[in-house]
Amino acid sequence: MKEAVMRRRYVPDLQRFNALCEGNYRRLVQLRRLAASDGHHATFELRDRDAYFGRVHIERQQKSRYTETLLLEQIHNSGRWLNDPHLTVRVYHDAGLAEVVSCYRDYRIQAVNDYPNRSMHHPDEKAQVNAFLADWLAFCLRFGHVAAEEIAWPV
């Protein structure tokens, strides 16, 4: 007689998640300083010397006293290794946090998902998407450059 295996419910690690969101906030602030911006939009290219990786666009969708909602998307890439990320990020300036609220077609990312589920989301999908944002922002900081045509005073 086989015993039924009890699955333990996933419990989010809030300390790790907050650390991830704090890091994303710092990376996003640095990145917005790098980009050519008019206040509502910011654009920069990803390149390593002569290698072109693509172009990233940041658009402010909503702004209030302590928060703003940004759309981050890679609008062009030079390879098939990255599937043009399209993320909506809520930035909490009073708390110093940046959190992904939607990704591609998933308009609301649940903090915890039952598994298995119809959409085949992982139990820790929200943490994974925010970890992806951290990696992508770090990549953008390493390879991000303002396009030559957008520099106000060319050198």
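As the structure is a computational prediction, the values presented were derived from the model and not from experiment.
Counting heavy atoms from C-beta outward, H41 and I58 have side chains that stay 4.5 Å or more apart. Looking only at side-chain heavy atoms (C-beta outward), E59 and L70 stay at 4.5 Å or farther from each other. The closest side-chain heavy-atom distance from V101 to L87 is not below 4.5 Å.
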Derivation and outcome, side-chain contact (heavy atoms from CB on, under 4.5 Å), residues L31 and F44: CA-CA 9 Å; L31 196 58; F44 57 92; 3.6 Å; yes
Verdict with supporting geometry, F143 and R47, side-chain contact (heavy atoms from CB on, under 4.5 Å): CA-CA 5 Å; F143 296 108; R47 32 176 84 249; over 6 Å; no
Steps toward side-chain contact (heavy atoms from CB on, under 4.5 Å) verdict (L133, L137): CA-CA 6 Å; L133 176 64; L137 292 176; 3.7 Å; yes
Derivation and outcome, side-chain contact (heavy atoms from CB on, under 4.5 Å), residues T69 and V89: CA-CA 6 Å; T69 304; V89 177; over 6 Å; no
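One finds the OG atom of S64 at 8.5 Å from the NE2 atom of H93 (value rounded to the nearest 0.5 Å).
Salt-bridge formation is not detected for the pair E99/R90: no Lys NZ or Arg NE/NH1/NH2 atom is positioned less than 4.0 Å from an Asp or Glu carboxylate oxygen. Between R32 and E68 there is a salt bridge, with a side-chain nitrogen of the basic residue lying less than 4.0 Å from a carboxylate oxygen of the acidic one.
For the pair V100 and K126, the tightest heavy-atom approach, listed with the atom from each and the gap, is O-NZ, 3.6 Å. Minimum interatomic distance between Q74 and G54 (heavy atoms only, all atoms of both residues): NE2-CA, 4.0 Å. C140 approaches V56 most closely through the heavy-atom pair SG-CG2, 4.0 Å. When all heavy atoms of L141 and Q30 are compared, the closest pair comes out as CD1-OE1, 3.3 Å. The nearest pair of heavy atoms linking R27 to L20 is NH1-O, 4.4 Å.
At least one donor-acceptor pair closer than 3.5 Å links the side chain of N24 to the backbone N or O of N130.
Between the side chains of H86 and E73, at least one donor-acceptor pair of N or O atoms lies under 3.5 Å.
For Y92 and Y25, the ring centers are positioned 6.0 Å apart or more.
The hydrophobic cluster containing L28 does not contain F17, counting ILVMFWY residues as joined when their side-chain heavy atoms lie under 4.5 angstrom apart, directly or transitively.
A parallel orientation is assigned to the rings of W136 and F132, their planes being inclined by less than 30° (bins at 30° and 60°).
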